[in-house]
Amino acid sequence: MKFNNKKYFNYIMAQDLFVIISQDLSPLLNTFGSDLLRSTVALFVVINPIGNIPLFAAITQKMKKEERNSILKTTVITASALLITFAIAGTQILLFFGITISSFMIAGGILLFIVSIELLTHGGLRFGGTVPDESGIIPLAFPLLAGPGAITSVILSFQTSGLIITILSIAIVIIITYVIFYFTSTFYRILGRRGSLVITRVFAILIAAIAVQYVVNGLQTI
């Protein structure tokens, strides 16, 4: 059996090239991965889809499955569009209208506080339009998911890590949120009506606390 020097040489060259490329790309890949992980975790913590389960359940508990899925799609699409838009042009949009992040946080906090009061006193929302999908925009998409905290997070992510990492982190968090909300009915079916009401009101207090914190942070910054 003859030894093919040419093939062996090509094999060695390919190995050396792979090692060189790996060494050059390794720091870049490590930085990309750490930045993506940091941005994704930060956005997930701020959006907190697990903590928002009771609100989604309270809004959609009397709806049919088709209506619930329609609201869910409206919620994730609207939240994604808002977050991507504000990530890219958030600073310019706020400057154009003469609005600061602090004022935005205060306004979002007040709106979120109104939602928490409705949940505490009535166990659901009485306000809203006649079109079911409108609930997917307010208060689910904004200010609950794409609220002041999430918008601030993506603006900072875009400024520090770039567009690709920011969009990827938004996509990852929104997909996780969609899956969590999709199985909300199963989660509440296990708890039962009384357990669902208790959890809804407990989380309503937490939502109120988050809303107050938004206002406090905004006032402190001002």
Side-chain angles (χ1 to χ4, degrees), residues 28-53 55-56 71-113 115-116 133-182 203 206-207 209-222:
L28 181 62
L29 291 174
N30 290 337
T31 303
F32 181 87
S34 60
D35 287 348
L36 179 59
L37 180 63
R38 183 173 62 251
S39 298
T40 302
V41 170
L43 186 59
F44 182 83
V45 170
V46 171
I47 288 181
N48 188 20
I50 298 175
N52 292 328
I53 287 177
L55 180 56
F56 180 78
I71 282 186
L72 179 54
K73 289 177 182 177
T74 302
T75 299
V76 296
I77 291 172
T78 305
S80 300
L82 284 172
L83 290 176
I84 292 173
T85 300
F86 273 94
I88 298 172
T91 306
Q92 289 76 11
I93 291 173
L94 295 180
L95 285 175
F96 179 79
F97 289 102
I99 302 171
T100 62
I101 290 289
S102 303
S103 302
F104 199 72
M105 291 186 73
I106 293 172
I110 292 172
L111 183 56
L112 204 55
F113 189 78
V115 170
S116 67
D133 280 359
E134 289 183 9
S135 299
I137 300 174
I138 295 177
L140 289 176
F142 179 84
L144 210 60
L145 296 186
I151 288 173
T152 304
S153 178
V154 296
I155 290 175
L156 293 176
S157 176
F158 176 72
Q159 292 175 348
T160 58
S161 303
L163 179 61
I164 295 176
I165 287 178
T166 303
I167 291 179
L168 283 175
S169 64
I170 292 172
I172 292 170
V173 173
I174 290 297
I175 289 171
I176 295 173
T177 302
Y178 179 88
V179 173
I180 291 173
F181 281 3
Y182 186 82
F203 273 96
L206 296 178
I207 292 171
I210 293 171
V212 171
Q213 193 61 51
Y214 277 155
V215 175
V216 170
N217 290 344
L219 291 173
Q220 285 178 339
T221 306
I222 291 175

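The chain is numbered in sequence order, starting from 1. Keep in mind it's a predicted model, so treat the numbers as computed, not measured.
The CZ atom of F158 sits 7.0 Å away from atom OG1 of T166, with the distance rounded to the nearest 0.5 Å. Taken from CG in L36 to CG in L168, the straight-line distance is 5.5 Å, to the nearest 0.5 Å. Interatomic distance, OG of S161 versus CZ of R38, reported as 5.0 Å (0.5 Å rounding). Atom-to-atom distance recorded for K73:NZ and Y182:OH is 9.0 Å, nearest 0.5 angstrom. Put simply, CG on L43 and CD1 on I174 are 7.0 Å apart, with the number rounded to the nearest 0.5 Å. In this structure, CD1 on I167 lies 3.5 Å from CG on L163, to the nearest 0.5 angstrom.
L83 is listed as a side-chain neighbour of I47, based on a closest heavy-atom distance under 4.5 Å. Within the 4.5 Å cutoff, the side chain of T85 has heavy atoms near those of the I93 side chain. Contact annotation: the side chain of T78 never approaches that of F142 to less than 4.5 Å [non-hydrogen atoms, C-beta and beyond].
Side chain of T177 to backbone of V173: a donor-acceptor contact under 3.5 angstrom is found.
Heavy atoms only, all atoms of each residue included: I155 and G90 are closest at CD1-CA, 4.0 Å. When all heavy atoms of I151 and A146 are compared, the closest pair comes out as CD1-O, 3.6 Å. Closest heavy-atom contact between F181 and F56: O-CE2, 3.5 Å.
Heavy atoms of other residues, nucleotides or ligands lying less than 6.0 angstrom from CG of L219 number more than 12. Taking a 6.0 Å sphere around CZ of F44, one finds it holds more than 12 heavy atoms contributed by other residues, nucleotides or ligands.
A donor and an acceptor atom, one from each side chain of T40 and S169, are nowhere located under 3.5 Å apart.
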